[in-house]
Amino acid sequence: MAIQDLLHGLNAEQSAAVTAGNGPVLVVAGPGSGKTRVLSHRVAYLIQEEHVSPDRILAVTFTNKAAREMRDRIERLLGTGGAASGLVMGTFHSIGVRFLRQNPGIVSDRLGILPNFLIYDDGDQMDLAKKAVIAVGMDPRQLAPRRMLSRVSAAKSMLISPSEFARDHITNYDDEIVSRVYAEYDRALRKANAVDFDDLLVLPLQLFDAAPKLLEVYQERFLHVLVDEYQDTNRVQYILVSALSAKHRNLFVVGDPDQSIYAWRQADIRNILDFEQDFPDAKRVHLEINYRSTARIVATADRVIRDNKQRIERLLRTENSDGEHVIVRELSDQNHEAQFIVGEIRRLLNGHGVTPEQVAVMYRTTAQSRVLEEAFRISDIPYKIVGGLRFYERKEVKDVLAVFKLLYNPADEISLARIVDNLPLGRGLGPKAVDNVRTWATLNNLTLSEAFMALPGNPGGPELSGSGKAAALKLGSVLANLRQRSTELTLSHLFDAVVEDTGYKGSFDHDSEEEMQRWSNVLELRSDLTRYDEMSPADALPAYLEQVALVADVDQLDANDRGHVTLITLHSAKGLEFPVVFITGLEEGLLPINRAIEAEFQDPQPIEEERRLFYVGITRAEKLLYITYTGMRMLYGRTQMSAPSRFLASLPEQHIKSLGTRHAGINQHRQPSLMERAKQTASGLPQATVRSMSAAPVIPPPRTYAVGERVFHPKFGEGVIGEAIDRRSDQELAVDFARHGRKRLLASLAQLDLIE
DNA sequence: GCGCGACTAGGCGGG
DNA sequence: CTAGTCGCGC
């Protein structure tokens, strides 16, 4: 492909970013401004025009899905298949684990982590944190392991080691506990030969510290380092990319400070704000034309984000047509909210040319998805929930995976404990028997599971009662047998052996619908495993376990996986786009969330982050945007009156159509100030009529259709325009399809192509 | 050692 | 409300 083709369709700013020369580059990219496009074109440009070998480019994305899509795009741009192979691309975590796996010798010598280390998921980390809390003599019920974990995670992301924490970061009793739990947690993690998510970023840095020569090798190799969603990087990630790009200094970062929504995960917005201080010779490019959304949606987003105080003033503009008004709707409670959404989606699906996959329903908390899911289940609209309980976090799936993990890493006591507690194989073994085996294991310098496996050959081993002894022997012999077979069997056959030999398969009650559902989840795991059957058993097991640990919810959203409405949290929705978006629960306490409101007087940051989250949601919408809130909501089992979110007051009147009884712009939860009352009186609020657009931007006319023209629709196929009614900024069409008869569609929504 | 009902604390976001 | 834990009786 020629250079002009590589730059074809890019605007001036996008081209400038793509073709920027060497040195640090900061791309500040508004929503829908084509940043993924810029990144892919940049990589393709480097390979093709600058003749950079793909394996000398490192590209970091926020999700695996984004990495996948970008790779596809680059392949397409470069034409020939495989042209992008060798590119190092993925999330920070997957790149981190790659560094560790590539250097097993140094990792094991210097960091004490054996090559068969496991990545502990959230649940494993929780179990370990709980044990750590108990080990330091505290009660896990009062200490909230979850809170401990987040403190530990925060420390790790700021590169504070347990000993540094103990030395420099204790200011009160609470810190004292955290410090001890942190030390114990990390010790237990190493003992289990496991790492947590933060370790995947921290350990590579420790690796580089321990082996500076190795860092030099990587520094030399990576001629170009590109980072997406830079506003959401934390300190460790910042240091990692700085270190890797230090030699050639070709660091290309893309981000949007207004979309920074991960401060709670220690993302540090200063990384992007201070980029030019860190790299004084940095070039800066702004992408501010939005290609995604209608002018009304862009104007709404812009108006909402402007009310943040701590913000760099920025432009957001579009050349797109006005589109429809943003619909704001008040409902009496969450059930009516769900009903409204389902009803509205049904209306759009029937005859407005909308297909289910074009629609997303977004919410602040996963708890909100339950009511929505219920409404969708009753309706005949296909839907899919992203997030919530992940597949791999389901109890029955974790139970089986625990066996796989233990077979791979015998030091993994957390998994062994799962097996003992949850599988029929562990029946008859209580804490006492396990403790006795552990004592014996320690004496003989074995891991706990190795000790169990050694039992059949050492009948005189640990002290055990008659029944406990039989159970322990059984466990040991089954594990030893599975372990031996794990090197020969494909993963799906290993699965069969595991569910059979542990008695798990037989433990599901065939008369219980619920248990049969759980068993079918277990079987789904089996079909997941067959994807690895081509690989040699020795490689498949670690590859599969790694995939399980690093796959995110959004990663499983597949572009080919069509035909359903998406239910998703606002956080997960970052980076996605949908023609039709519903943002639900615009209420004080939910969006903004209570925590942020409580902190508001000491610290305005959390509220500002909530507003950015709302902004992220708004900017996901291409054509139609609905915003809903309720007057009453059941939360944590109690029904409470809910006040409309303060963010509703930022919505620009001229672009919204308010269908509620109360006007969206007025907060009901507090007395309006005199000024506000004055303004309300002046403008005649509350009111629900649509006000005409004031100071409308110059907008190019949208594509229009005429009666008789032939068109193609992705779902209905070929058709002829039968009627065309002009609306303010759109056309309502009646199209006669050859195979589906007459459908009424909105020109802006239906993905029609004119057939010449 | 297991299974059950009673009780309590938390209550968001995710690689 | 729901998940997790306690404490009891078996």
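Here is the naming used below: chain letters follow the sequence lines, and residue numbers restart at 1 for every chain.
One interatomic measurement links the two molecules: CG of Asp232(A) to P of dG13(B), which rounds to 16 Å at whole-angstrom precision. Rounded to an integer number of Å, the gap from Glu393(A) CD to dG13(B) P is 12 Å. Atom C1' of nucleotide dG14(B) and atom CZ of Arg265(A) are separated by 5 Å, given to the nearest angstrom. A straight line from CG of Leu423(A) to C1' of dG1(B) spans 17 Å, rounded to a whole angstrom. Here dG14(B) presents its C1' atom at 16 Å from NZ of Lys65(A), a figure rounded to the nearest Å. Atom P of nucleotide dG15(B) and atom CG of Leu149(A) are separated by 17 Å, given to the nearest angstrom. The nearest whole Å value for the distance from the CZ atom in Arg370(A) to the C1' atom in dC1(C) is 8 Å. Here the C1' atom of nucleotide dG11(B) and the CZ atom of Arg146(A) are 12 Å apart, to the nearest Å.
Against DNA chain B, the stretch residues 193-208 of chain A makes heavy-atom approaches under 4.0 Å through Phe197(A), Asp198(A).
The phosphate of dG14(B) has neither OP1 nor OP2 within less than 4.0 Å of any side-chain N or O from Lys574(A). Residue Thr569(A) places at least one side-chain N or O closer than 4.0 Å to OP1 or OP2 of dG14(B). At dG15(B), none of the side-chain N or O atoms of Thr63(A) fall inside 4.0 Å of OP1 or OP2 (strictly under the cut-off).
When each of Leu372(A), Val371(A), Ile378(A) is paired with Glu374(A), the side chain to side chain contact (heavy atoms under 4.5 Å, CB included) condition holds for Ile378(A) and for no other. For the salt bridge (Lys or Arg N to Asp or Glu O under 4.0 Å) with Asp124(A), the lone residue among Lys131(A), Lys130(A), Lys398(A) that qualifies is Lys398(A). Partner of Glu524(A) under the side chain to side chain contact (heavy atoms under 4.5 Å, CB included) criterion, out of Asp528(A), Asn521(A), Val522(A): Asn521(A) alone.
Residue His93(A) places its side chain closer to dG15(B) than to any other of dG13(B), dG15(B), dG4(C). The side chain of Ser572(A) lies closest to dG14(B), out of dG14(B), dG15(B), dG13(B). The side chain of Thr365(A) lies closest to dG13(B), out of dG15(B), dG13(B), dG4(C).
Both cation-pi conditions hold for Arg101(A) and Phe117(A): the charged atom is under 6.0 angstrom from the six-membered ring centre and inside a 45 degree cone around its axis. A cation-pi geometry, defined here as NZ or CZ lying under 6.0 Å from the six-membered ring centre and within 45° of its normal, does not hold between Arg611(A) and Phe614(A).
Ring geometry, Phe508(A) versus Trp519(A): the interplanar angle falls from 30° to 60°, so the pair is classed tilted.
Not a single donor-acceptor pair under 3.5 Å links the side chain of Asn308(A) to the backbone N or O of Gln310(A). Under the 3.5 Å distance criterion, the side-chain polar atoms of Ser94(A) are left unmatched by any main-chain donor or acceptor of Gly90(A).
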Atom pairs under 3.5 Å: protein N/O with N/O of nucleotides 2-7 of chain B:
| from | atom 1 | to | atom 2 | distance (Å) |
| --- | --- | --- | --- | --- |
| dC2(B) | OP1 | Gly428(A) | N | 3.1 |

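Side-chain N/O atoms of Asp412(A) and Tyr120(A) include a donor and acceptor closer than 3.5 Å.
Contacts of Tyr262(A) with the nucleic acid, taken as non-hydrogen atoms under 4.0 Å apart, involve only primed sugar atoms and P, OP1 or OP2. When heavy atoms are screened at a 4.0 angstrom cut-off, Asp121(A) is found touching no nucleic acid atom at all.
By the 5.5 Å and 30° criteria, Trp264(A) is stacked with the base of dG13(B).
Between Lys432(A) and Ala263(A), the residue anchored nearer the 5' end of DNA chain B, judged by the nucleotide with its closest heavy atom, is Lys432(A).
Partners of His571(A) under the side chain to side chain donor-acceptor pair (under 3.5 Å) rule, at least two apart in sequence or in another chain, are Trp264(A).
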